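Below, read A as the first sequence line, B as the second, and so on, with proteins coming before strands; counting in each chain starts at 1. Just so you know, these numbers come straight off a predicted model, no measurement behind them.
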Amino acid sequence: MARTLITSALPYINGIKHLGNLVGSMLPADVYARFMRARGNEVMFICATDEHGTPAELAAIAAGQDVATYCAEQHEIQKDIYKRFGLSFDHFGRSSSQQNYELTQHFAAMLNANGLIEERTIQQIYSIDDGRYLPDRYVEGTCPHCGYERARGDQCENCTKLLDPTDLINPRSAVSGSTNLEVRDTRHLFLKLDNPEVEAKIQSWIDSKEKDWPVLVTSIAQKWLKEGLRDRCITRDLAWGVPVGRPGYEGKVYYVWFDAPIEYIAATKEWADAAPEEKRDWKRWWFEADDVRYTEFMAKDNIPFHTVSFPATIMGSGEAWKLVDYIKGFNWLTWYGGKFSTSQRRGIFTDQALAEFPADYWRYVLIANAPETDDSSFTLEGFAGQVNKDLADVLGNFVNRTLKFTQSKFGDAVPAGGDYGPAEEALAKALDERIKALTENLEAIQYRKALAELRAIWVLGNQYLADEAPWTALKTDPERAAAITRCAFSLIRLFAILSAPVIPTLAGKMLAALGLPENQPWPTESTGDLIRAIPAGHAFTLPDVLVAKIDDARVAELTEKYGGKA
RNA sequence: GGUGCUGUAGCUCAGUUGGUUAGAGCACCGCACUCAUAAUGCGGGGGUCGGUGGUUCAAGUCCACCCAGCACCA
């Protein structure tokens, strides 16, 4: 039994995420985790909230809370939403955990011991009234190039010129508006990436992945390498974070981008510590774990950190920590071709989505249109169309017609009598090919293709019923009608198993109608046996409508509510 | 300004290392069926593959330039 380690990029603590964040890492990671578990692999699926950094501190201030309380609350809110989306994390941790403090400090100590950390003095803007240092983007002022009065310290969004905070005319704090600012010298730690040895290591590692990782991932990594790595400042003048803990660094913490990926490991330790009586071994997933296959899921903005910075940390430790084996990167999901925008009320957030429709509707449509090769457009019309056609008409109605027909003609149990013939043989053969393709696409994490196969498999069920027409056979050959019905029941079970990674709740309902438990193993036996899985006499119940359709009026209402096109 | 990605039927997208009449789903039209959430099945119409110019016996598929959109970087 192979061991599979899966991590999803960590959602930032600051606010509820929208559908684009969900489909960019957590949801596809979940589909993969569920698939791998069904195949009998031992799976460790890890995610967490990314809690450190200035945005969290400022959001806490805006909410009138201290940052620790704010983060604790927001963590619970996000955790609950993901649970309701059916995300099957083995552990959903927090980057502010004690475990992460310890591991982050451990990695920093190892990097330091290996000569990869350097102290430097840099200049930072300090806001006397706010009592804090201000990162570049939190200093505002007038742009020296275009005169725009609300230019940020890192860039003027009016003329797009890049700036230094010291370039701004009449600089002020974006936090309080205070103009009582001064430039101070402050000491910081830098991770030495601009170093031939480190670069060569990363380069050859990326080169070795060139042929099997997605182009999106390797091209971004290669671009960074080509431009030459730069030393990165890994500490900040903030109170909220992992303390640097060396003399002269009181009140300083590690930069959020240094500690966040380490939380993948730390969250696994959190998982172990959560159940001491079970004596869980977190380290076997991460240390000297050559038999583990580790896959990371993330959107494209996270790729540089996972292909360069974090691997440099791992490699630089000189210890046998696990490096990623495969990175699945995603492009952006767009809202009618544009950006999701909170301020302009365009797009749907994860909590709103769940208030409107069951999680599986979103899971299906999002995965079927996952932005794998390019940015992908989400529209309410497309969403409703796919739910209605694929989930309601093709899958839901197949289950419904089979169960209703059987109940009205044969009663509450699967009928006996009759035999399978050429039609079932042909069906089994067609299923064989489709299941093989589906399995291969899921293994390769090619979701658009996988879902096209899944849908084609559902269609085979309807084709079979239309061709064999048990309602007609019933009049002349009731035994044959019984055999066709039995086969259809086995198809319901099979469809549920094959669909479960994507739509676990619907799959569970289908299995429940047949009195079967959830979490059935992925099929390995021949399809000939699969279509005989439900024997005569097997009891069943008729569930409510599996998938309710979304009518045009509802689409119009949602368009109004969430800001569709125009 | 630099770099990268993208531009294929009304819509959303597939198109292996260049090779028979360019594919799928939706939408549309027609037919069949009636077990079913008017659901399903079958068939059909529809594209000079962003533009121009090259390489080649042969290009959506390689090269150059141009146009458009998006992203990242300086």
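Mapping A:Ser376 and A:Ala452 onto RNA chain B by nearest heavy atom places A:Ser376 closer to the 5' end of the strand.
Rounded to a whole angstrom, the distance from the C1' atom of B:A14 to that of B:U52 is 27 Å. For the C1' atoms, the distance from B:U20 to B:C57 is 15 Å, rounded to whole Å. Of the P atoms belonging to B:A24 and B:G15, the separation is 15 Å, rounded to the nearest Å. Across B:G50 and B:A68, the matching C1' atoms stand 8 Å from one another, rounded to whole Å. Separating the C1' atom of B:A36 from that of B:U12 is a span of 28 Å, rounded to the nearest Å. A gap of 10 Å separates the C1' atoms of B:G7 and B:C49, to the nearest Å. Across the C1' atoms, B:G51 and B:A59 are found 16 Å apart, a figure rounded to whole Å. Look at the C1' atom in both B:C42 and B:G4: the space between them is 45 Å, to the nearest Å.
Of all nucleotides present, only B:A32 satisfies the Watson-Crick or G-U wobble test against B:U40, with each distance under 3.5 Å. When both pairing distances are held under 3.5 Å, B:A64 makes a Watson-Crick or G-U pair with B:U52. B:A71 is paired with B:U3 under the Watson-Crick or G-U wobble criterion, all donor-acceptor distances under 3.5 Å. Figure legend. B:G10 is base-paired to B:C26; pairs are counted as Watson-Crick or G-U wobble with both atom distances under 3.5 Å.
Between A:Asn462 and A:Val394 the shortest heavy-atom distance is ND2-O, 3.1 Å. In this structure, A:Trp362 and A:Leu354 approach most closely via the heavy-atom pair NE1-N, 4.2 Å.
Separating the CZ atom of A:Phe495 from the P atom of B:U40 is a distance of 14 Å, rounded to the nearest angstrom. For the pair A:Asn331 CG and B:G69 P, the computed distance is 19 Å after rounding to whole Å. Rounded to a whole Å, the CG atom of A:Asn369 is 14 Å from the P atom of B:C26. Taking atom CG of A:Leu460 as the reference point, atom P of B:A24 lies 16 Å away to the nearest angstrom. Here B:U16 presents its P atom at 17 Å from CD of A:Glu440, a figure rounded to the nearest Å. In this structure, A:Phe383 places its CZ atom 16 Å from C1' of B:C26, rounding to the nearest Å. As a whole-Å value, the separation of A:Gln386 CD from B:A24 C1' is 12 Å. A:Gln446 has its CD atom 13 Å from the P atom of B:U16, to the nearest Å.
With rounding to the nearest 0.5 angstrom, the OG atom of A:Ser499 is 5.5 Å from the CG atom of A:Leu395. From A:Ile457, atom CD1 reaches atom CG of A:Leu494 across 7.0 Å, with rounding to the nearest 0.5 Å. In this structure, OH on A:Tyr133 lies 13.0 Å from CZ on A:Arg236, to the nearest 0.5 angstrom.
Under 3.5 Å, the side chains of A:Glu372 and A:Asn331 contain no donor-acceptor pair of N or O atoms. With hydrogens and angles left out, the side-chain atoms of A:Gln386 and A:Asn369 include a donor and acceptor closer than 3.5 Å.
A cation-pi arrangement is found for A:Lys328 relative to A:Phe330, the charged atom lying closer than 6.0 Å to the ring centre and inside a 45° cone about the ring normal.
Listed candidates were B:C13, B:G25, B:C42. Nearest to the side chain of A:Gln463 is B:C42. Distances were taken from every side-chain heavy atom of A:Val394 (C-beta onward) to each of B:C13, B:U40, B:G15; the shortest belongs to B:U40.
Using a 4.0 Å cut-off, no side-chain N or O of A:Lys300 falls inside it from OP1 or OP2 of B:G4.
Note: A:His306 and A:Tyr264 meet the aromatic proximity criterion, with ring centroids under 6.0 Å apart.
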What string of B, S and - do you get for nucleotides 27-38 of chain B, 5' to 3', if B is base contact, S is sugar-phosphate-only contact and - is no contact with any protein heavy atom under 4.0 Å?
------SSBBB-
